[in-house]
Amino acid sequence: MSHHCHDEAHGHGHGHGHDHDHDHDELPDSDLVHESLYQKIDHDNVTCLNESESNAGKSVLKPWHEKMDDTKFVESDADEQLIMRIPFTGMVKLKSITLRSDPGETAPRKLKAFVNRDDLDFDNAESTPATQEWDLVEDTNGQVAEYSTRVAKFTSIRSLTLFFSHNFGGETTKINFIGLKGEFSEFKRDPIITVYELQANPADHKVPGTKDSLQYEID
């Protein structure tokens with residue numbers, strides 16, 4: 001059974017299409033490992049905007065057994081904001097996002113998640129309606145905190161964009177671990193290729209006793 005470490009936490013929806021949640025769980029290791037999407041992430045193509053060190057963002061997408069490893073982390077550069085784009089190698093149904101950060105003012109305070117929106121950057125992320133938003137917890141006693149998704153909104157995901165817009169007052173934001181939990185399915189065959197293969201080839205459908213019309217026109 002999940003242990004809830006948010007006795008005072010509560011969720012509330014906003015009428016403008018955004019969902020804000022405070023709820024998070026502390027989960028036994030077996031729960032997240034079983035549904036971890038770590039091996040389904042296209043790690044080579046993960047990008048992070050405003051990271052202070054190149055490729056630091058992808059380094060915090062760690063396997064579960066490395067969640068307490070503080071030698072790998074991402075810290076923002078020019079200000080407190082970070083945008084992370086996470087592509088997958090197939091289709092994903094996302095059930096939760098798990099975070100771990102140092103307690104204090106550099107911990108992220110606001111998170112917006114977007115499904116299949118690879119075009120987002122700092123110019124439009126603030127104004128674009130998120131698939132879901134969360135108010136994050138500052139101090140989790142050094143443990144990970146899991147934030148559940150509204151699963152019905154997080155199906156058929158090819159890529160996930162995470163926008164950490166605010167922290168608890170620090171000049172930069174620092175994140176030590178991001179874990180994703182859900183279900184995975186392989187990509188279906190490209191429909192464009194399927195349509196192309198199904199198109200009739202006139203040369204394959206000649207009627208005996210008739211001329212090849214294309215060849216006739218060329219002659």
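In this text, all values refer to a predicted model and were calculated from it rather than measured experimentally.
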Between OG on residue S148 and CG on residue L94, distance to nearest 0.5 Å: 10.0 Å
From CZ (F114) to CG (L160), nearest 0.5 Å: 10.0 Å
D70/R100 ion pair, N-O < 4.0 Å: yes
Pairs meeting criterion ring pair (Phe, Tyr, Trp, His ring centres under 6.0 Å) with involvement of residues 72-107, two or more places apart: none
Donor-acceptor contact below 3.5 Å, side chain K67 vs main chain Q143: no
Side-chain donor/acceptor of T173 to backbone N/O of E80, under 3.5 Å: yes
Apart from V151 itself, residues in the same hydrophobic cluster as defined by side-chain heavy atoms under 4.5 Å: none
Among K72, M84, K174, E66, side-chain contact (heavy atoms from CB on, under 4.5 Å) partner for V60: M84
CA sep, side-chain torsions, deciding dist, call: E75, T172, side chain to side chain donor-acceptor pair (under 3.5 Å): CA-CA 7 Å; E75 188 169 7; T172 61; 2.8 Å; yes
Which residues share a ring-ring contact (aromatic ring centres under 6.0 Å, His included) with H166, sequence neighbours left out: none
Over 12 foreign heavy atoms within 6.0 Å of NZ, K62: yes
Worked check of salt bridge (charged side-chain N to carboxylate O under 4.0 Å, His left out) between K110 and D135: CA-CA 5 Å; K110 297 280 188 179; D135 294 318; 2.4 Å; yes
Plane angle bin for W64 and F177 - parallel if under 30°, tilted between 30 and 60°, otherwise perpendicular: perpendicular
